[in-house]
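What follows is a single structure, written as structure tokens, with notes after it.
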Amino acid sequence: MLIPVDGLFALAPTLESGQTFRWRRSGDVFEGVVFGNVVKVRQADDGVEFTCGPDDGKYLAPLLSDYLGLATDLPAVYRSMSHDPRVSEAIDRYRGMRILRQDPWECLVCFICSSASNIPRISRNVEDLCASFGRPILVEGTPRRAFPTPHELAEAGERRIFELGLGYRAAYLAKTAGAVADGAVDLMSLREEAYGDALVALTSLDGVGDKVANCVMLFSLDQTSAFPVDVWIKRALQEWYSDAGVNKMSLPKMRLWAQEYFGEYAGYANQYLFHDRRLLGRGVTAGA
DNA sequence: AGCCAGGCCCTCC
DNA sequence: GGAGGGCCTGGC
């Protein structure tokens, strides 16, 4: 089935820029699990081609379109932030890369897992969580499982999560799963909240600090000004914007500065700079 | 062998 | 408020 896209869209950088961890690539086809379906997608000339199961393509198409961030007016985003030469350069390189609109719970779990880790390990940890605690999806081909619900993960408990090799993150996950299952935080409703309120709600959860909260807000909660400051972004900002006094700032202060500087779509600026920085491998020695 | 990784949390100043 | 250290585990 085809989702027509008349505007800018680049599938590969969208799925391979560290926003998400369950898509697997073979050639130009990506296979992932979303909305309880095993989905295969590939970029076509006139849009995004996909197959899915067990549900019907007609049911999934609008959901998938929403997930892929196709509703966003990308040219408007570009106009708002291309005044910055670094961002402008990154836009030229990854034109069409979009920010996904993921399930908030899945996104939250993935980024709790991301602490002091790396993409291969995060992917493995997340897939192990699904394999152990997620509901099987009945389709032919690669057996895969749905992402475990908050209740399923809370039920699993810290010990069994730890045994999967999640390390100290197991305690965070167990506690946060319990809190979400109990309704202490209603993740979906945070899409309607102001940035500051969503931030406070998320950081009340175990294992969720400023960085993780901003990732969740950006990749699943429609908070386009969210700006996750990780070590890559920190180094990039310190290298490029030292004139603005960024070097002496604490991480949350640095985030505030960036949100002010990049504006309404600061999160998009973040994503382009992050992806660029990672691919160019300039994280270790600044300026190398 | 020892350090660092896409942080968070706790303690102490 | 901010600096410093510990934390699971894996990879260089």
Side-chain angles (χ1 to χ4, degrees), chain A residues 13-23 90 94 97 99-100 102 106-129 132 156-180 185 199-220 226-239 245-258 266-286 288:
Chain A
T14 298
L15 296 180
E16 293 181 325
S17 54
Q19 310 178 51
T20 178
F21 302 94
R22 290 196 76 193
W23 291 95
Y94 315 111
M97 177 171 72
I99 287 179
L100 296 169
Q102 304 182 58
E106 176 169 344
C107 193
L108 175 63
V109 169
C110 289
F111 282 95
I112 289 176
C113 290
S114 77
S115 132
S117 191
N118 51 71
I119 289 178
R121 186 184 176 192
I122 299 165
S123 304
R124 196 178 68 241
N125 287 160
V126 168
E127 208 55 41
D128 286 346
L129 287 173
S132 296
E158 176 181 339
R159 183 195 176 93
R160 293 176 64 198
I161 297 172
F162 184 87
E163 285 168 353
L164 292 178
L166 273 286
Y168 60 82
R169 302 159 197 86
Y172 295 153
L173 291 174
K175 285 181 189 155
T176 288
V180 173
V185 175
L199 180 63
V200 168
L202 286 172
T203 51
S204 76
L205 295 166
D206 237 76
V208 183
D210 198 83
K211 192 272 176 181
V212 168
N214 273 275
C215 285
V216 176
M217 288 194 282
L218 182 59
F219 302 138
S220 73
F227 196 94
V229 180
D230 53 43
V231 298
W232 298 88
I233 288 291
K234 185 181 93 169
R235 288 173 189 148
L237 295 185
Q238 288 180 334
E239 179 185 333
V246 168
N247 297 277
K248 293 189 286 282
M249 294 180 190
S250 65
L251 262 41
K253 280 224 170 68
M254 203 178 287
R255 167 173 66 70
L256 282 170
W257 175 85
Y268 261 90
N270 183 299
Q271 188 61 18
Y272 275 80
L273 292 178
F274 175 78
H275 189 52
D276 196 36
R277 191 80 180 181
R278 280 198 60 95
L279 288 194
L280 297 184
R282 293 187 297 180
V284 179
T285 40

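All of these numbers come straight from a predicted model, not from anything done at the bench. All values below were derived from every heavy atom in this structure, side-chain atoms included, with hydrogens, water molecules and symmetry-related copies excluded. Here is the naming used below: chain letters follow the sequence lines, and residue numbers restart at 1 for every chain.
Following rounding to the nearest Å, A:L251 (CG) and C:dG4 (C1') show an atom-to-atom distance of 15 Å. B:dG7 atom P lies 16 Å from atom CG of A:L166, rounded to whole Å. If you take OH of A:Y172 and P of B:dC8, they are 8 Å apart, rounded to a whole angstrom. Rounded to whole angstrom, the span from the CG atom of A:D128 across to the C1' atom of C:dC8 amounts to 15 Å.
The side chain of A:F21 sits closest to B:dG6 out of B:dG6, C:dG10, B:dC8. Taking only side-chain atoms of A:R121, from C-beta outward, the nucleotide of C:dC8, C:dG2, B:dG6 with the closest atom is C:dC8. The side chain of A:S115 lies closest to B:dG7 when the candidates are B:dG7, C:dG2, B:dG6. Nearest to the side-chain atoms of A:V231 among the listed nucleotides C:dG2, B:dG6, B:dC9 stands B:dG6. Closest contact between the side chain of A:R235 and the listed nucleotides B:dA5, B:dG7, C:dG2 involves B:dA5.
Summarising the geometry, atom CG belonging to A:L129 is positioned 5.0 Å from atom CG belonging to A:L166; distances are rounded to the nearest 0.5 Å.
Using a 4.0 Å heavy-atom criterion, one finds that A:I119 contacts the bases of the nucleic acid, with or without backbone contacts as well. Within 4.0 Å of A:F162, counting heavy atoms only, lie sugar-phosphate atoms of the nucleic acid but no base atom. Residue-level contact check: A:L205 touches the backbone only, with heavy atoms under 4.0 Å from sugar-phosphate atoms and none from bases. Using a 4.0 Å heavy-atom cutoff across all strands shown, A:G207 reaches sugar-phosphate atoms only and no base atom.
In this structure, A:R169 does not reach the B:dG6 phosphate: none of its side-chain N or O atoms is under 4.0 Å from OP1 or OP2. Residue A:S250 places at least one side-chain N or O closer than 4.0 Å to OP1 or OP2 of C:dG2.
The shortest heavy-atom contact between A:L15 and A:T20 is O-CG2, 3.7 Å.
When the C1' atom is compared between C:dG5 and B:dC3, the two are found 15 Å apart, to the nearest whole Å. Taking the P atoms as reference points, B:dC9 lies 23 Å from C:dG10, given to the whole Å.
Remark on DNA chain B: of its neighbouring residues A:V208 and A:F219, the 5'-side contact belongs to A:F219, judged by nearest-heavy-atom nucleotide.
Between A:F111 and A:F21, the ring center distance clears the sub-6.0 Å criterion.
In this structure C:dC7 sits in a base pair with B:dG7, meeting the Watson-Crick or G-U test at under 3.5 Å.
Taking the six-membered ring where tryptophan is involved, the planes of A:H275 and A:Y94 are perpendicular, since the angle between them exceeds 60° and thus also 30°.
The closest side-chain heavy-atom distance from A:C113 to A:L173 is below 4.5 Å.
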